[in-house]
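Residue numbers start at 1 and run along the sequence shown. When a ligand or atom number is given, it counts from 1 through the structure's own listing order.
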Amino acid sequence: MDGDFPTANSVLKDVFGFDGFRPMQADIVSSVVEGRDTLAILPTGGGKSLCFQLPALLRPGLTVVISPLIALMRDQVRALREAGVAAAALNSGNTEEETTAVFDALRAGTLKLLYMAPERLASGGTDRMLAEAGVTLLAVDEAHCVSQWGHDFRPDYLRIGALRDALDVPLAAFTATADEETRAEIVSRLFGDTNPRVFLGGFDRPNIHLAFAAKNKPREQILNFAAARKGQSGIVYCGTRAKTETLAEALTDAGHRSLAYHGGMEPDVRREVERAFQVEDGLIVVATVAFGMGIDKPDIRWVAHADLPKSIEAYYQEIGRAGRDGAPAETLTLFGADDIRYRRMQIDEGLAPPERRMADHGRLNALLGLAEAQVCRRQSLLSYFGENREPCGACDLCDKPPETFDATEPVQKALSAILRTGESYGAGHLTDVLCGTVTDKVRMRGHDELPTFGVGQDIDRKQWSAIFRQMMGHDLIRPDPERHGGLRITHAALPILKGEDKVTFRSDTIEQTPRRPKVRTLVSDEDAPLLSALKAKRRALAEAARVPAYVIFNDKTLIEIAETRPKTLDDMANISGIGAKKLERYGQSFLDVVMGEAPPKPHPARRKLAGKPSGDIYDQLLSVQAELSRGRDGTGKPMSCSASLLAKIAALGPDRIDQIHRLLGDRLADRFGDAFAKVLASA
Ligand code: ADP
Ligand code: ZN
């Protein structure tokens with residue numbers, strides 16, 4: 001600021017440490033600063049908080065933020081204080097002293113931002129208290145909570161309109177999820193007669209990599225996916241409560257830190273999982289969709305679906321929890337014929353009125369279309385939301401275009417088998433008929449007498465199962481709830497049956513998963529050890545300050561430090577996410593880590609292992625060692641093993657702790673023994 005009048009750009013840089021605005025932020029910020037009523041719809045991770053936090057600092061007086069989630073409020077207040085901003089929160093989680101301190105600050109007029117839970121609006125005296133505190137701006141986060149038809153309806157949100165009238169100040173409302181109806185509802189309930197300026201951001205989340213895979217030993221698929229992302233925070237969504245527990249156990253056995261979460265668990269156990277996930281770096285939560293609302297962790301690096309989600313909206317929301325900090329994040333969604341059958345039946349057996357069920361089938365179809373897509377997934381996803389795109393280069397189909405084949409003939413054969421058997425059977429029996437397999441059931445029903453019997457012998461059973469799945473995915477056939485899920489032909493199939501239309505299917509959706517996936521890192525191999533060291537430092541600082549790690553610096557900032565290796569505090573100041581206050585508070589500590597870490601030229605001992613599996617192990621040992629070089633809490637005396645010792649361990653691959661102990665000697669074994677044993681056990 002240098003004594004000059006602060007501007008949006010200078011505050012962005014000096015307080016928040018960002019180099020530039022994200023798309024739409026600049027326009028929204030200036031609308032709010034100018035005191036216009038504003039409604040902004042930005043995707044999750046789009047950076048909504050900045051759009052009221054920054055204006056609050058530029059405007060005179062106090063900004064009140066209504067926010068529905070206490071945990072989220074807490075983190076934002078903590079992060080603001082870390083950046084040197086006078087912020088506080090009033091909610092039911094406060095202690096009495098905290099509340100008194102907030103009231104004192106309000107009277108003294110020292111606060112810039114006050115976060116408030118909506119319940120607070122119901123208690124008498126709040127309006128008067130706020131009027132006396134000199135409120136000049138009202139910001140409403142998660143504005144869709146005012147919609148009575150949504151899942152997140154909060155009755156106290158209906159009081160906001162009256163508060164705005166009483167205070168007579170501009171209002172800025174923010175949400176990530178608002179279709180046209182909800183938008184209209186937000187406007188009428190929050191803004192009354194005035195029309196706010198509306199900013200509608202896009203749906204794309206370019207830093208999230210998209211991928212689907214047909215189920216093929218699904219547990220192994222999930223374990224492999226997690227193994228390649230070891231140490232990174234992730235969520236695995238499962239279709240059932242029981243599965244969350246077995247899968248969490250399997251992940252724990254594989255050496256991950258992992259916890260289950262579902263609606264059947266005691267509330268305080270659930271809260272404990274939420275808390276742990278929020279503050280820990282690298283925890284995996286295996287959950288049902290009950291794990292959702294209330295997670296505000298910006299550094300979730302991956303989301304996997306062990307089962308197909310319910311609809312394309314659910315899919316978008318669930319994967320959207322990854323990578324809110326803008327750093328790369330990855331997703332994998334598994335699906336199989338059973339998932340499709342289950343989701344269809346769930347809709348058909350539900351109690352919704354028929355139009356609603358039709359719409360639900362449509363939303364499921366959209367997701368299945370995405371699962372069976374043959375070109376860019378992002379194109380397909382965004383086109384559902386009405387946005388047209390070029391191929392993205394950041395999905396599995398852009399990475400590796402699938403092989404396809406003309407499936408018209410096999411599909412016709414399958415359809416004909418379905419018709420001739422009276423549309424009453426599942427894929428298993430139909431495959432028997434097509435392949436000419438004589439089972440008891442086939443004989444009993446006389447299906448070996450049918451003209452279609454054995455016409456599909458040129459295709460093996462595994463391929464038939466992929467064909468049936470894709471037929472369901474393209475909604476050519478559906479399980480009929482009236483006939484125990486027997487497959488029935490839809491209208492969409494008729495032109496194919498009549499030979500008026502052709503279909504193309506993917507031939508390679510069942511992929512072999514590699515036995516031992518290579519561990520992926522967020523940065524190049526060269527920078528990985530430094531990034532681990534920076535993370536260890538961050539963990540130590542976060543534990544000391546009792547805040548979640550990302551409140552110190554987020555992953556994106558650490559990645560940038562690891563890649564650019566600043567040499568001075570001035571260099572450090574240019575890194576995104578480092579504002580003046582944080583530079584002052586933490587700059588030197590991280591600089592020390594960078595400077596202590598001479599650019600790692602591969603040691604001759606490592607070079608000898610190049611291209612061998614032990615080379616990989618060597619790198620993992622090295623990175624574990626970097627994390628622990630100053631001990632678990634980052635304050636111990638620096639210690640390391642010689643490169644030739646690491647190479648020896650990597651090459652020998654001892655798998656017993658006493659062998660490792662002997663190789664390391666007491667002093668080194670004390671610090672590194674257990675961690676090395678873990679690396680070697682999973683190798
Ligand atoms: P949401 O829109 O979901 O509320 P947040 O406000 O929590 O998103 O922002 C998501 C992440 O993006 C946060 O880690 C925040 O620090 C970061 N962020 C916001 N604006 C910028 C920006 N202009 N440059 C870089 N990072 C930003
Ligand atoms: Zn793509």
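Distance check, rounded to the nearest 0.5 Å: CG of Leu558 to NZ of Lys537 gives 12.5 Å. From Asp555, atom CG reaches atom CD1 of Ile559 across 5.5 Å, with rounding to the nearest 0.5 Å.
Ring orientation note: the planes of Phe590 and Tyr586 are nearly perpendicular, at an angle over 60° on the 30°/60° scale.
Residue Phe21 approaches ligand 1 through these ligand atoms, each under 4.0 Å from one of its heavy atoms: 23 (N). Numbered from 1 in the order shown, with element, the atoms of ligand 1 that lie under 4.0 Å from a heavy atom of Thr44 read 3 (O). Near Gly20, meaning under 4.0 Å from one of its heavy atoms, ligand 1 places the atoms 22 (C), 23 (N), 24 (N). Against a heavy-atom cut-off of under 4.0 Å, Gly47 is close to the following atoms of ligand 1: 1 (P), 2 (O), 5 (P), 6 (O), 8 (O), 9 (O), 19 (C). Every atom of ligand 1 is numbered from 1 in the order shown, and the set under 4.0 Å from a heavy atom of Gln25 is 19 (C), 20 (N), 21 (C), 22 (C), 23 (N). Set against the non-hydrogen atoms of Ser49, the atoms of ligand 1 under 4.0 Å away are 4 (O), 5 (P), 6 (O), 7 (O). In the vicinity of Arg324, heavy-atom distances shorter than 4.0 Å reach the ligand 1 atoms 1 (P), 3 (O), 4 (O), 5 (P), 7 (O), 8 (O), 10 (C), 11 (C), 12 (O).
Looking at every heavy atom in both residues, Leu42 comes nearest to Pro23 through CD2-O, 4.5 Å. Between Arg59 and Glu34, the shortest heavy-atom contact is NH1-C, 4.2 Å.
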| message | Between Gln53 and Val85, is the side chain to side chain contact (heavy atoms under 4.5 Å, CB included) condition met? List the steps. | response | CA-CA 9 Å; Gln53 292 172 345; Val85 175; over 6 Å; no
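Judged by distance alone, the side chains of Glu313 and Tyr384 do bring a donor and an acceptor atom under 3.5 Å apart. Counted by atom type alone, Tyr261 and Glu274 present one or more donor-acceptor pairs between their side chains at under 3.5 Å.
Judged by distance alone, the side chain of Ser383 and the main-chain N or O of Asn388 form no donor-acceptor pair under 3.5 Å. In this structure, Asp307 contributes its side chain and Asp339 its backbone to no donor-acceptor pair below 3.5 Å. With hydrogens and angles ignored, the 3.5 Å screen pairs a side-chain donor or acceptor of Glu185 with a backbone N or O of Gln148.
Taking 4.0 Å as the cut-off, Gly45 counts as a neighbour of ligand 1 on heavy-atom distance. Contact analysis puts Pro43 in contact with ligand 1, with a non-hydrogen atom separation below 4.0 angstrom. Using 4.0 Å as the threshold, Ala79 has no heavy atom nearer than that to any atom of ligand 1.
Note: angle at the Zn ion (ligand 2), from SG of Cys392 to SG of Cys376, is 100° (rounded to 10 degrees). For the pair SG of Cys398 and SG of Cys395, the angle at the Zn ion (ligand 2) is about 100°; rounding is to 10 degrees.
An N or O contact shorter than 3.5 Å is missing between Asp325 and ligand 1 by distance.
Contact annotation for Ala176 and ligand 1: no heavy atom of the residue comes within less than 4.0 Å of the ligand.
Given atom 14 (O) of ligand 1, the protein heavy atom at minimum distance is Asn554 ND2, 3.7 Å. Protein heavy atom at the shortest distance from atom 25 (C) of ligand 1 is Phe18 CD2, 3.4 Å. Scanning all protein heavy atoms for the shortest distance to atom 12 (O) of ligand 1 gives Arg22 NH2, 3.0 Å.
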